[in-house]
Amino acid sequence: MNIQLVDSLIQVIESLTPEESLLFQEKLSARAIQSTPGVCGGNARIRNTRIPVWTLVSLHQQGADEAELLRNYPGLSDRDLENAWRYYDRHREEIDRIIVSHQADD
């Protein structure tokens with residue numbers, strides 16, 4: 001582990017203006033959602049998992065609260081759910097289209 005690098009990063013992050021800090025947080029959140037061809041049909045998913053955002057959104061729309069989602073997906077965190085909801089807010093049409101297409105398959 002490179003402790004010196006981590007310490008340097010902390011100094012840089014602490015020196016950010018409020019606007020830069022917000023942008024930094026947004027960019028980190030955006031990286032928390034991945035789309036990889038061949039994984040989950042290429043759909044947006046929670047980082048390093050096979051849990052698509054559309055699945056979480058669909059279950060939430062059907063009445064599952066966050067506590068239930070975290071129980072059913074123990075590898076997820078509160079932050080993962082926040083990132084999923086944020087992604088959905090920005091890509092609502094895409095996620096809604098995927099949900100409808102999966103409902104039609106049933």
Side-chain angles (χ1 to χ4, degrees):
M1 178 185 304
N2 190 336
I3 295 173
Q4 193 173 18
L5 174 62
V6 172
D7 289 340
S8 295
L9 288 171
I10 290 171
Q11 286 180 330
V12 170
I13 291 167
E14 288 175 342
S15 71
L16 296 174
T17 66
E19 294 83 15
E20 292 167 337
S21 182
L22 181 60
L23 179 60
F24 176 69
Q25 290 300 321
E26 287 175 7
K27 288 192 175 274
L28 279 180
S29 292
R31 289 180 176 265
I33 304 296
Q34 300 170 328
S35 295
T36 307
V39 179
C40 296
N43 295 316
R45 61 188 171 85
I46 302 299
R47 59 46 202 153
N48 302 326
T49 72
R50 291 185 173 268
I51 304 170
V53 172
W54 73 264
T55 299
L56 297 172
V57 170
S58 179
L59 291 170
H60 192 62
Q61 289 173 342
Q62 294 173 50
D65 62 16
E66 291 187 6
E68 183 178 355
L69 292 170
L70 292 172
R71 275 192 312 275
N72 290 326
Y73 296 96
L76 296 184
S77 67
D78 290 329
R79 178 158 277 206
D80 291 324
L81 293 180
E82 290 171 20
N83 290 326
W85 309 150
R86 189 174 298 113
Y87 184 89
Y88 178 59
D89 286 341
R90 291 189 201 128
H91 302 91
R92 188 173 299 265
E93 187 176 306
E94 167 197 339
I95 299 299
D96 287 343
R97 185 174 44 349
I98 295 167
I99 291 171
V100 168
S101 74
H102 279 81
Q103 289 170 344
D105 291 343
D106 294 339

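Here the structure is a predicted model, which means the values were calculated and not measured. Atoms considered below: every heavy atom in the structure, side chains included; atoms not considered: hydrogens, waters and symmetry mates.
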Which side chain to side chain donor-acceptor pair (under 3.5 Å) pairs, counting each pair once, include a residue from residues 52-63, with sequence neighbours left out? Ser58-Gln62, Gln61-Tyr88
Hey, are the side chains of Leu56 and Asp80 touching, using non-hydrogen atoms and a 4.5 Å cut-off? no
In short, ring-ring contact (aromatic ring centres under 6.0 Å, His included) pairs touching residues 27-48 with sequence neighbours left out are none
Set of residues satisfying side chain to side chain donor-acceptor pair (under 3.5 Å) with respect to Ser21, sequence neighbours excluded: none
May I have the step-by-step check of side chain to side chain contact (heavy atoms under 4.5 Å, CB included) for Tyr73 and Thr49, ending in yes or no? CA-CA 10 Å; Tyr73 296 96; Thr49 72; over 6 Å; no
Can you tell if the side chain of Leu76 reaches within under 4.5 Å of the side chain of Ile46, non-hydrogen atoms only? yes
With Glu68 via side chain to side chain donor-acceptor pair (under 3.5 Å) - residues at least two apart: none
Thr36: which residues meet the side chain to side chain donor-acceptor pair (under 3.5 Å) condition with it, sequence neighbours left out? Arg45
Can you tell me if Glu26 has over 12 outside heavy atoms packed within less than 6.0 Å of its CD? yes
Within 6.0 Å of CD1 in Ile3, more than 12 heavy atoms from elsewhere: no
Donor-acceptor check, side chain of Asp7 to backbone of Gln4, threshold 3.5 angstrom: yes or no? no
Please enumerate all residues that pass side chain to side chain donor-acceptor pair (under 3.5 Å) together with Glu94, with sequence neighbours excluded. Tyr87
